[in-house]
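These notes are about the structure you will find just below.
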Amino acid sequence: MALLQTLLLRVITTAVTLLGVAVIVFFVIRVVPGNPIAMMLPPGATAEDIANLTARYGLDKSIPEQFFIWGGGVLRGDFGTSITLKQPVLALVLGRLPATLELSVLALGMAILIGGAAALTGTRLRETRVEGGIDIAQGMALSVPDFLWGLVLILVFGVLVPVFQISGRVTPSLELPFVTDFYLVESVLRLRFDLTLDLLSHMLLPALALAIPLAAIIGQLLKQSLKETMHLDYVTLARTQGYSEAKVIWSQALPNAILPTLTLVGVQFTFLIGGTVIIERLFSYEGLGNMAIDAVINRDLPLIQGIVILFAVIFTGVNLLVDLTYAALNPRLRHG
Amino acid sequence: MSFLEVRNLSARVKGGGPLLRDVFLTVEVGEVRGLVGESGAGKSMIGKAILGILPKAVEITGGQIVLDGTDLLTLPPAVRRMKVGATCALIPQDPLTALNPSRRIGAQITDRLVDILGWTRQRAEERALALLGEVQITNPARVLRQYPHELSGGMRQRILIASAFAAEPKLIVADEPTTALDVTVQKQILKLIAALQARHGTALLFVTHDLGVVSKVCQNLSVLYAGKVVEDSAVADFFRAPKHPYSAALLAATPKYTDPFAGLQPVPEAVIAAVRAEVEHG
């Protein structure tokens, strides 16, 4: 009952949030300088040409009027047509989404693995040189932004020691048997591991660039929580029962220490998805972020709106998922 | 030979002053020994040293902890851990923090029986059920499925007591097990510990600052001052005629039910100065 109520409340607040995002993005991109029509016409176009084209895209109407026309369409599942690509926005955006999702989830997985391993190792070897080394590495990882890591990785693993691909999502000459846009998932399901390897070789560096700062944040917070937990009485009690230090950390401290980290991962994951915009550009990865930059450069208003709305849906979805996971892991919340 | 012999145990804070000075302490099989002293006298440190859970900042500088004929301090850490885990147990001070908040009660009693002592899951569960009955918890099957936050402090301490007795240890260290509890619950918990101790014949090292508690449950006691044992007596003798002037002053400082308006007698400064000089220089 209480769960149903909470869920209902979440759905309502999510709807309001999305509406707010829609309003803000719609008005802001129309208020800032730049005009999609001017981008489309050759330099010698007459005023009449401009007026005709403006009217064709409905841009001659008042902004509130445009908003209601667009909003009505959105409620029916019609996000309009891209001005530059001349295709329905929804299909374009959904076609690119899987590439970005695969990249961000891979990056998240890498961040959790690296950060978690660093935190567990640092806790096991706390107050030794190893912990100091981990702290220094994390400080460095944190103080360099993801796109700079991208450049460093391109330089090291793409140019100096060219072991990984640094451009695109997949080698263009390969035959792709895929029916969905989730290439990585589908290549595994079809047991085409040659394609999986090629995809991973393209994704590894951008994913790592996104993962490094997040791994450092996860590592820092989780280690701090773990170390605090290690002083608690139930951990001491487990030690007297014959459990080894590693086992105590893993099975007694971790389940409790992980809760604050989990919340943080949710918030940071949305930042990571935001980071894909620049990283995808850097690695010419054909995802949503790359499309977003093209859309902004070309002032493709419907496409920008569609992409921003989709990002907002992902962000709220991730937050909801985090809250649900938190409740599932923390028995005190489940009963409360 | 005694089941536990702590011989000339000394410890200090790393780079700091001494915490324990040549502590000598024995616990016979089935004996209940009280370990009393003021706050900071080092009584909990002795219990922690035996169980191998001293804080990292504390180092042992000398002496032996002989458990069942083996000096624990000479064993490799893994061997020591298994030996202590199999033969000793701890009843902790604060039942509110000594249970893992994210795990069910049942798992917290049975896990180590299975993981460390190699019992079958079924045997461990039956044992947990029987023990909860023994510590007078009604509806034990339900409690085993509950989480710590659903239970009161007294209930949680009963569970921790049950858990301490679960593997039939030879020695239990009870570290001020009633201090964190409500006065009305304290008495029940004391009775319970005494009853279980008598039934299972477990040796008990009862760390407390409460002489009243000692008189109820212990046979012998050691009085600790500033990290040194200043008196080692049978409880009956101690209350009749304490050997050490500090013990006598400590006893005089305890409020009496028979004469509630007598006022408290603080330990005289001359006695403190004398015992301090004795501990530090002798």
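Only heavy atoms go into these numbers, but all of them, side chains included; no hydrogens, no water, no symmetry mates. A note on names: the letters A, B, ... follow the listed sequences, proteins ahead of strands, and every chain is numbered from 1.
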Please classify the contact of [X] with chain A as side chain, backbone, both or neither, using a heavy-atom distance under 4.5 Å.
| X | result |
| --- | --- |
| B:Leu117 | neither |
| B:Ala98 | both |
| B:Leu99 | backbone |
| B:Arg80 | neither |
| B:Lys56 | side chain |

Test your reading of the model: is there a side-chain donor-acceptor pair from A:Tyr243 to the backbone of B:Arg112, 3.5 Å cut-off?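 Side chain of A:Tyr243 to backbone of B:Arg112, a donor-acceptor pair under 3.5 Å: yes, one is there.
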State the [atom1]-[atom2] distance between [X] and [Y], to the nearest 0.5 angstrom.
| X | Y | atom1 | atom2 | result |
| --- | --- | --- | --- | --- |
| B:Asp175 | A:Asp233 | CG | CG | 9.0 Å |
| B:Ile91 | A:Thr240 | CD1 | OG1 | 11.0 Å |
| B:Gln108 | A:Gln241 | CD | CD | 9.0 Å |
| B:Leu51 | A:Thr236 | CG | OG1 | 10.5 Å |

Below 4.5 Å, heavy-atom pairs only: which of B:Leu90, B:Asn100, B:Leu160, B:Ile53 has the largest tally toward chain A?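 Of B:Leu90, B:Asn100, B:Leu160, B:Ile53, B:Asn100 has the most heavy-atom pairs under 4.5 Å with chain A.
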Quick check on the structure: residues of residues 247-274 of chain A within a heavy-atom distance below 4.5 Å of chain B, by number.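 Within residues 247-274 of chain A, the residues under 4.5 Å from chain B are A:Lys247, A:Ser251, A:Gln252, A:Pro255, A:Asn256.
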Take a 6.0 Å sphere around CZ of B:Arg142 and say whether it holds more than 12 heavy atoms from other residues, nucleotides or ligands.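 No, not enclosed.
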Does B:Arg199 have more than 12 heavy atoms from other residues, nucleotides or ligands lying within 6.0 Å of its CZ?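 Counting neighbours around CZ of B:Arg199, more than 12 heavy atoms of other residues, nucleotides or ligands fall under 6.0 Å, so yes.
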To check you understand the geometry: which heavy-atom pair defines the closest contact between B:Pro101 and A:Tyr234, and what is its length?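 Residues B:Pro101 and A:Tyr234, closest heavy atoms: CD-CE2, 3.4 Å.
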Shortest non-hydrogen separation from A:Gly242 to B:Ile116 and the atoms involved: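 Taking every non-hydrogen atom into account, O-CD1, 3.5 Å.
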Solution key, residues 218-227 of chain A side-chain donor-acceptor pairs under 3.5 Å, sequence neighbours excluded:
{"unit_1": "A:Lys223", "atom_1": "NZ", "unit_2": "A:Glu131", "atom_2": "OE2", "d": "2.9"}
{"unit_1": "A:Lys223", "atom_1": "NZ", "unit_2": "A:Asp135", "atom_2": "OD1", "d": "2.9"}
{"unit_1": "A:Ser225", "atom_1": "OG", "unit_2": "A:Leu221", "atom_2": "O", "d": "2.9"}
{"unit_1": "A:Lys227", "atom_1": "NZ", "unit_2": "A:Glu131", "atom_2": "OE2", "d": "2.7"}

